[in-house]
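Below is one structure, written out as structure tokens; comments come after it.
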Amino acid sequence: MLLKRLSEACGGPGQEDEVRNLIRDEVTPLVDEISTDALGNLITLRRGNQEGPRVMIAAHMDEVALMIMAIESSGLLKFNPIGGIDPRVLVAKTVVIGKNRVPGVIGSKPIHLQRPEEREKAISINEMFIDIGVSIKSEAEKLVKIGDLAYFSTKFAEIGNDKFKGKAFDDRVGCSLLIDLLHDRYDFPLYGVFTVQEEVGLRGAGVAAHRIQPDIALVLEGTTASDVPETPEHKHATSVGKGPCITIMDSSVIPDPRLVATLLQIASENEIPVQIRRNTAGGTDAGKIQSSRSGVRVATISIPCRYIHSPVAVMSKADYDNALKLVKAFLHCVEKGEI
Amino acid sequence: MKNLIKELVESFGPTGFESEVTNKIADLVRDKVDECYVDTLGNLIAHKKGNGKKIMFSAHADEIGVVVIHIDENGFLRFSSVGGLNPLTMLGNRVRFANGTIGVIGKEKGELKDLSIEKMYIDIGATSKDEAQKLVSVGDFGIFHREFADLGKRIVAKSMDDRIGCAVLIEAINKLEKSDHDLYFVFSTQEEVGLRGARTAAYHIDPDLGIAIDVTLTGDTPKAPRMDVSLGKGAAIKVKDSAIITHPKVKDLLVRLATQHNIPYQLEILESGGTDAGAIHLTKAGVPSGTISVPCRYVHSPSEMVDMDDVQNCVDLVVAVCQDPLSEF
């Protein structure tokens, strides 16, 4: 399964190679042009019979990760998060490091040795380390280099009815959707762009948009869902299983109101469940694409993911399928000149 | 000019939804310029052609506001801020949505010092979710609801930030007699969330000189934070804010013109905040840029106050820029 392979692939900001290679293999038979730009964005094109409108769909390849910052004389590794990770979710997780997937465990001072006041507080990143099972620095150096990225070793699985669990759904779910979309051909040029370095500041998408000069852009994302106990309803942001989310505002973008209205109308006409993303925090590639050159009409469609930016998230298969339906219906409207 | 300002400040134009404002402005300036159009991000661009320097003036059409993120069972709306809102300023105030629906901002129980937007709601007088949803939807944008007040020399209203800048540009277009320069008057969008409209407009225009017209804070009220700008002491020529260090040539130009034309001015250093000039000056290979500011009290509240003399001085300074040979550029 494509989403499983994407979820289990490892690619942090700036080190997206493994994910890019996987996607390149997957989409090369589908597209007319494929290239990697200076920043590492994978840019693909499915031509149409018409010259326009130029439509760009973007999903980012990178995931949040931990960068190895130092190797202690004990062979234990110090690290820093790359992208937003809650330090409280890290302790006692298993990770794999670098291209060779060196296995490790995130350790900290055991509860027995913590002072009472320490037990009251979350353990900070500074007090954690990754243990790769060696006993001195020189052994560790044979396995790991400073600057390598560590990834959660979470396996993808189908759970319950209709749910997936796995790591890096933000934004491999977008990558998976985009690959699925590239199976179809439209009358207009469709640029499928797999971007880099989203998690550290939307860095890849802007240069890709500058190159492509799209008329319309969609960003496909995994987004936060907090539809869980102890969170009041008005802070849920999104709900898993209630349909793909449409952004009306986040910290990076206010999407084109006409595109948003069109998406909502398409959803209603085709009886596709959708939800407005009920939170204005966070940002996506759409921010950089919108502000590219003289401006681009953008919209963001995202899949709700519980426990996002952690070792494991949960999402709904139905949301995925409905997102695919929604984007396809949207692209048909573009084809008919209705947008 | 007060009628023009009243018309502009009482319009509906939250960030991202500026078309009511830009449509009104387009109607006012269309006959006085060579072309007038709206770009992808909604910026209204009024172009008066000339063979001299290409100058981009920018005043933003958007205003701070709220966006509805949830409607509860009893019909109360939860919201996020659009642009920088102070929860204490919001409390007890009213908001208005595009369809005219009015709401009151209330808060959950708790100490005022701990107040945050998350603990506040909008009450539109609905008694149930169904009733509320007939008036407002999740995703709707609203603005402060407050009328213009003429206090004589000084005027007060919501969205003086930056409709007063828009009014300055409109008035400058009206007063302009002759200019050799290629003039672009941009009524920009989405300034309040990160200078977004001006960025793409500047890319499109590719100006030789960029000048934003916006409000700035003052230090002339009781126990005010230290700032050497006062209401009524003239157009403020920005030296620096958090988004730009005014290009020395632009600052010197504005000071020279103010002096030459006997326009009262004050130099402004704004410690926190930015204007469209911040986006314009980083466009492409860089654009010498600066800001002419209208001193304004109570910025980002429903009662922003400016002095009509300052406004007039800003108009005169904009006209002076347009009519100068600008040999240093």
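Bear in mind the structure is a predicted one, so any value in this text is a computation, not a measurement. Below, chains carry the letters A, B, ... as their sequence lines are ordered, and counting in each starts from 1.
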What distance separates [X] [atom1] from [Y] [atom2], expressed to the nearest 0.5 Å?
X	Y	atom1	atom2	answer
A:R278	B:I71	CZ	CD1	11.0 Å
A:L264	B:S137	CG	OG	9.5 Å
A:S294	B:I205	OG	CD1	9.0 Å
A:I254	B:E192	CD1	CD	10.5 Å
B:H70	A:K235	NE2	NZ	12.0 Å
A:S291	B:R196	OG	CZ	8.0 Å

Contact summary for [X] and [Y], nearest pair of heavy atoms:
X	Y	result
B:Y203	A:H210	OH-CE1, 3.3 Å
B:G16	A:P257	O-CG, 3.7 Å
A:T280	B:S80	OG1-OG, 3.0 Å
A:S292	B:T200	O-CG2, 4.5 Å

Given the rule in the side-chain contact (heavy atoms from CB on, under 4.5 Å) test, do B:Q190 and A:Q290 qualify, once you have shown the distances and angles that lead to the verdict? CA-CA 12 Å; B:Q190 302 198 27; A:Q290 182 187 53; 3.9 Å; yes
Mark yes when over 12 heavy atoms from residues, nucleotides or ligands other than [X] sit less than 6.0 Å from its [atom1]; otherwise mark no.
X	atom1	answer
B:E20	CD	yes
B:K284	NZ	yes
A:K163	NZ	yes

Interface residue of largest heavy-atom contact number with chain B, from A:V298, A:V253, A:I246, under 4.5 Å: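 With the most close heavy-atom pairs to chain B, the winner is A:V253.
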Measure A:D256 against the heavy atoms of chain B and call it side chain, backbone, both or neither at under 4.5 Å.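 For A:D256, the side chain is the part near chain B, not the backbone.
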Engaged part of A:S251 at the chain B interface, taking heavy atoms whose separation is under 4.5 Å: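 Contact with chain B: backbone only.
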Trace of the side-chain contact (heavy atoms from CB on, under 4.5 Å) decision for A:V296 with B:T40: CA-CA 6 Å; A:V296 178; B:T40 307; 5.5 Å; no
Considering heavy atoms only, which positions within residues 91-113 of chain B lie below 4.5 Å of chain A? B:E108
Give, as side chain, backbone, both or neither, the part of [X] having an atom under 4.5 angstrom from any heavy atom of chain A.
X	answer
B:S81	backbone
B:F17	side chain
B:V67	side chain

So, using side chain to side chain contact (heavy atoms under 4.5 Å, CB included) as the criterion, who are the partners of B:K134 when residues are at least two apart? none
I'd like to know whether A:M249 forms a side-chain contact (heavy atoms from CB on, under 4.5 Å) with B:V193, so could you lay out the CA-CA distance, the side-chain angles of the two residues, the decisive distance to 0.1 Å, and finally the verdict. CA-CA 10 Å; A:M249 173 175 164; B:V193 291; 4.2 Å; yes
Begin with the C-alpha distance, continue with both residues' side-chain angles, and end with the deciding distance and a verdict on side-chain contact (heavy atoms from CB on, under 4.5 Å) for B:D72 and A:H234. CA-CA 8 Å; B:D72 78 11; A:H234 67 274; over 6 Å; no
